[in-house]
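Working notes for the structure below.
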Amino acid sequence: MSRSKRKWDHIQYALEMGQKRLSGFDDIKFVNQSLPEMNFDSVKLQTEIGELSLSSPIFINAMTGGGGERTFRINRDLAIAARETGTAIAVGSQMSALRNPEERRTYEIVREMHPGGILLANLGSEATLEQAKAAVEMIRADGLQIHLNVVQELTMPEGDRYFSGALARIAEIVENIGVPVIVKEVGFGVSSETAAKLYAHGVRYLDIGGFGGTNFAKIENKRRERLLTFFEDWGIPSVASIMEAKSAVQDMTVIASGGIQTSFDIVKGLASGAAAAAMAGYLLKTLLEQGTEGLIKEISNIKEEIAILMTAVGVQTIEELHHVPIVISGETHHWLSQRGID
Ligand code: FNR
């Protein structure tokens, strides 16, 4: 199967599966504060991922790439929506474009459409420093995402089976690339143990890519004869993963992601300790169902609702949001207590 066919299948399957609510956001409740003593217009949505200053705490996470016309158009339209809403955006994995220069246009269009925006390059942990530099150069990226996707690779019939050396490669890239490096999962979550290892190897920015949204085990199983169904329920739900990572390394800048569908999910992710929230599947679905204008409207609504929610809990900044009281119930509570995280 061609690479661009596989990438299009990913999009189709991701959309077909719909979005269940398994990430743990529904386990969080805010505690009503009847005296916020602040005004809606004093809310500031800015947040920082190291030297990158985001005008709002959301970004469009890595999705498509490859050489097909449809993925080119998706990237173009995502970039237009990012530009119109002042949102940062990550491109999908650039590895195949490093090998096939004719695919570069699928990525370059993102910089072309969003010339002043914050753009993140994307490669897997098999990438070398040279490849990482080339990926950043390709789109004049402001940062680089390195994805970890072991369970996805293991589920793919033709997937990678060699996972040694990733930490050393990541450490070399972090030290020499000259832009912030965000290590990310793709929907299986990052544990406290993994977060601590990454921190010890120089990583300061972590997108936990938790379980409960886009499910790459389900997507890859669609292409297998003998299914690895055990991987379909495998992973750390997003809220638990944010708290795992923060409990292991207080100093890690964590990005909430995996199954985020609403402003309420985002604000809960931020209240759980994340500095920003990234969305993939939900925004792709919005784009394909409602077009670029629909996506722009949705992102604008989400931003406004984040400010409304921050007013309701009486905080003016994302930093203050980290300290508002929350009550955690259900599976997330169970997970955190078994793991000794409070
Ligand atoms: C992805 N994702 C992804 N991640 C990555 O680092 N590199 C990539 O090339 C891709 N490709 C990709 C394609 C499609 C169609 C989807 C839906 C997703 C993973 C994505 O960035 C994110 O980590 C997960 O999708 C979980 O977030 P959501 O979708 O639950 O919000």
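Keep in mind that what you see is a predicted model, and the values were worked out from it rather than measured. Order of listing sets the numbers, starting from 1, for every ligand and every atom in it.
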Nearest candidate to atom 4 (N) of ligand 1, where distance is taken over non-hydrogen atoms, out of Lys184, Gln152, Glu185, His147 = Lys184

Around Arg161, counting heavy atoms of other residues, nucleotides and ligands shown, do more than 12 lie under 6.0 Å from its CZ?
-> yes

Using distance alone, determine whether Asn122 and ligand 1 share an N or O pair under 3.5 Å.
-> yes

Which ligand 1 atoms, with their elements, are less than 4.0 angstrom from a heavy-atom of Gly281?
-> 28 (P), 29 (O), 31 (O)

Search all heavy atoms of Ser125 against all heavy atoms of Ile170 and return the closest pair with its distance.
-> CB-CD1, 4.3 Å

Verify whether one side chain among Ser53 and Glu48 offers a donor that lies under 3.5 Å from an acceptor in the other.
-> yes

So, for Gln145 and Asp207, which heavy atoms are closest and what is the spacing to 0.1 Å?
-> NE2-OD2, 4.3 Å

Please confirm whether Val186 comes under 4.0 Å of ligand 1, counting heavy atoms of the residue only.
-> yes

Looking at ligand 1, does Ser257 have a heavy atom less than 4.0 Å from it?
-> no

Are Met63 and ligand 1 in contact, using a heavy-atom cut-off of under 4.0 Å?
-> yes

Restricting to pairs with a member in residues 204-241, which pass ring-ring contact (aromatic ring centres under 6.0 Å, His included), not counting sequence neighbours?
-> His10-Phe216, Phe231-Trp234

Basic-acidic side-chain contact under 4.0 Å: Glu319, Lys44 = no

Proximal candidate to atom 16 (C) of ligand 1 [heavy atom criterion; set Phe216, Phe188, Tyr282] | Phe216

Do Glu220 and Thr155 meet the criterion of a side-chain donor-acceptor pair at a distance under 3.5 Å?
-> no

Return a yes/no value for Gln145: is any of its N or O atoms, backbone included, closer than 3.5 angstrom to an N or O of ligand 1?
-> no

Atoms of ligand 1 less than 4.0 Å from Gly213 heavy atoms?
-> 30 (O)

Heavy-atom proximity to atom 8 (C) of ligand 1, picking from Ser93, Gly209, Gly212, points to Ser93

His322 NE2: over 12 foreign heavy atoms closer than 6.0 Å | yes

Which atoms of ligand 1 have any heavy atom of Gly92 under 4.0 Å away?
-> 9 (O)

Pick whichever of Ala62, Gly259, Ala280 has a heavy atom sitting closest to atom 1 (C) of ligand 1.
-> Ala62

Please determine if Thr214 has a nitrogen or oxygen closer than 3.5 Å to a nitrogen or oxygen of ligand 1.
-> yes

Can you list every ring-ring contact (aromatic ring centres under 6.0 Å, His included) pair that touches residues 30-82, not counting sequence neighbours?
-> none

